[in-house]
Number of protein chains: 2
Amino acid sequence: MPLDRSIVLKAALEQLDEVGLDEFSTRKLAAALGVRVGALYWHYASKQALLDAIAEHIAADATAVPLPDGNWAEQLAAIAQALRDAMLAHTDGARVIACMSAPGPMARAFFERLVTVLREAGLDAVTAASAGDVLTSYVNGFTVEEQARGIRRQSRAERDRLFGFGVSVVIGGLRPLVGG
Amino acid sequence: MPLDRSIVLKAALEQLDEVGLDEFSTRKLAAALGVRVGALYWHYASKQALLDAIAEHIAADATAVPLPDGNWAEQLAAIAQALRDAMLAHTDGARVIACMSAPGPMARAFFERLVTVLREAGLDAVTAASAGDVLTSYVNGFTVEEQARGIRRQSRAERDRLFGFGVSVVIGGLRPLVGG
DNA sequence: ACCTGAACACCGTTCAAGT
DNA sequence: ACCTGAACACCGTTCAAGT
């Protein structure tokens, strides 16, 4: 049977998990699929297009977890956790997100859900977008660092604790902005 | 005259500024220095070692700006600004910092100054280290995003405003933790 | 429509040998 | 001590030609 975009994407995710972003190559991917390199370029325009598809996959995972009942702070914490989890699920996932060429539909959907929670908490459109940016910048910065260096320096429990602390600081900083 | 580490580093910074991290190559660097590729490996063990030296240079710049008189919040804001400025001073500077293999002496000195401000504000050692991590994670996440995609989407003034907002949110979140 | 074959223009790294 | 020459083992991308 012929390849298609989803088969290539699945194999790409497996290769990323095995070798990491630095060793990720279209040639190895072609070999894993039992095909010549050129064949990949029928399905994806470039290596970056493939990495963008991986980023979208991660963004979709981060958006798939249901919002908990509860107040805006609890929902924000759940969204932050979901984003980190989705990136940690793949080797160098945070760097793939950080290096994507442009946010695709899934990345925008993720951000929109985040902004919706903030708007429902009482923020105006501009402030909600800014607040959403603060939270995602923090989560991305934390997780890029975590995957690049933290994994061998701290236990998972310590990293979870540090992340939870950071999320609570950001949420605490947003609290005075919401009415009530 | 023969090459030395500082000459190679200076040329590397110039090449990074011109072509960005993705196009940065030891072979182009050798050509710019009028030397064969192998010559670079006498001075730096690998391309990554060279990028680590660039990261240290950026960290040194970020630590070089004097602390303003004022309270801990003003000093924290100045440190955050200094870090962002030092990364923005070079093409893909934030990604070079994010991808460094380990924090060198300059990166540790930067972090220590940050932690010192937080300790003087009244935080205990563990909380100060955690709070320092929150601020640097936010600044790194923001600036990686800014250099990867923001430069063509928003004006410098808009990005400055957004960054200032984020810093004030993080500082606001830390405020309840400091005594007084 | 989808893939092969083969090429093009690159990479990072190593190391004997030169000076 | 510092660099050359030359190789090794790779890259991403393109594209005529095949099926």
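In what follows, chains are A, B, ... by sequence order, proteins preceding strands, each numbered from 1.
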Undergrad: Name all residues meeting the salt bridge (charged side-chain N to carboxylate O under 4.0 Å, His left out) criterion together with D17(A); count only those two or more places apart in sequence or in a different chain, and write none if there are none.
TA: none
Undergrad: Taking the same atom, P, in dA9(D) and in dC10(C), what whole-Å distance lies between them?
TA: 22 Å
Undergrad: Grab the CG-C1' distance between D22(A) and dT13(C) for me, whole Å please.
TA: 15 Å
Undergrad: Can you name the residues that form a side-chain hydrogen bond (donor to acceptor under 3.5 Å, both in side chains) with R27(B), not counting sequence neighbours?
TA: none
Undergrad: Just the rounded figure in Å: distance from C1' of dC2(C) to CG of L33(A).
TA: 14 Å
Undergrad: Does the side chain of W42(A) get closer than 4.0 angstrom to OP1 or OP2 of dC3(C) through an N or O atom?
TA: no
Undergrad: Can you sort out the partners of K10(B) under salt bridge (charged side-chain N to carboxylate O under 4.0 Å, His left out), two or more places apart, ordered by chain and number?
TA: E14(B)
Undergrad: Sequence neighbours excluded, which residues qualify as side chain to side chain contact (heavy atoms under 4.5 Å, CB included) partners of S155(B)?
TA: A157(B), E158(B)
Undergrad: Among residues 3-21 of chain B, which residues get a heavy atom nearer than 4.0 Å to DNA chain C?
TA: none
Undergrad: Among all residues two or more places apart in sequence or in another chain, which pass the side-chain hydrogen bond (donor to acceptor under 3.5 Å, both in side chains) test with D85(A)?
TA: none
Undergrad: Show me the protein contacts with nucleotides 8-12 of chain C, counting only N or O atoms at under 3.5 Å.
TA:
from    : atom 1 : to     : atom 2 : distance (Å)
dC11(C) : OP1    : S25(B) : OG     : 3.4
dG12(C) : OP1    : T26(B) : N      : 3.2
dG12(C) : OP1    : K47(B) : NZ     : 3.2
dG12(C) : OP2    : T26(B) : N      : 3.0
dG12(C) : OP2    : T26(B) : OG1    : 2.7
dG12(C) : OP2    : R27(B) : N      : 3.3
dG12(C) : N7     : R27(B) : NH1    : 2.6
dG12(C) : O6     : R27(B) : NH1    : 2.7

Undergrad: What is the distance from CG of L29(B) to P of dC3(D), rounded to the nearest Å?
TA: 13 Å
Undergrad: Mind checking what makes salt bridge (charged side-chain N to carboxylate O under 4.0 Å, His left out) contact with E120(B), not counting sequence neighbours?
TA: none
Undergrad: Which string of ( ) [ ] | and . matches DNA chain C, if you list each base 5' to 3' and count Watson-Crick or G-U pairs only when both distances are under 3.5 Å?
TA: ||.|||||...|||||.||
Undergrad: Please state whether the phosphate of dA1(D), meaning OP1 or OP2, lies under 4.0 angstrom from any side-chain nitrogen or oxygen of H43(B).
TA: no
Undergrad: Determine: side-chain N/O of R36(B) to OP1/OP2 of dC3(D), distance under 4.0 Å, yes or no.
TA: no
Undergrad: Just wondering, do L51(A) and L21(A) contact through their side chains at under 4.5 Å, heavy atoms?
TA: yes
Undergrad: With sequence neighbours excluded, what pairs up with Q48(A) under the side-chain hydrogen bond (donor to acceptor under 3.5 Å, both in side chains) test?
TA: D52(A)
Undergrad: Return each pair, listed once, that meets salt bridge (charged side-chain N to carboxylate O under 4.0 Å, His left out) where at least one residue sits in residues 160-171 of chain A; pairs must be two or more places apart or across chains.
TA: R84(A)-D160(A), R156(A)-D160(A)
Undergrad: Looking only at heavy atoms, which two atoms of A148(B) and A98(A) are closest? And how far apart?
TA: CB-O, 3.9 Å
Undergrad: By the ring pair (Phe, Tyr, Trp, His ring centres under 6.0 Å) test, which pairs, at least two apart or in different chains, include something from residues 53-99 of chain A?
TA: H57(A)-H90(A)
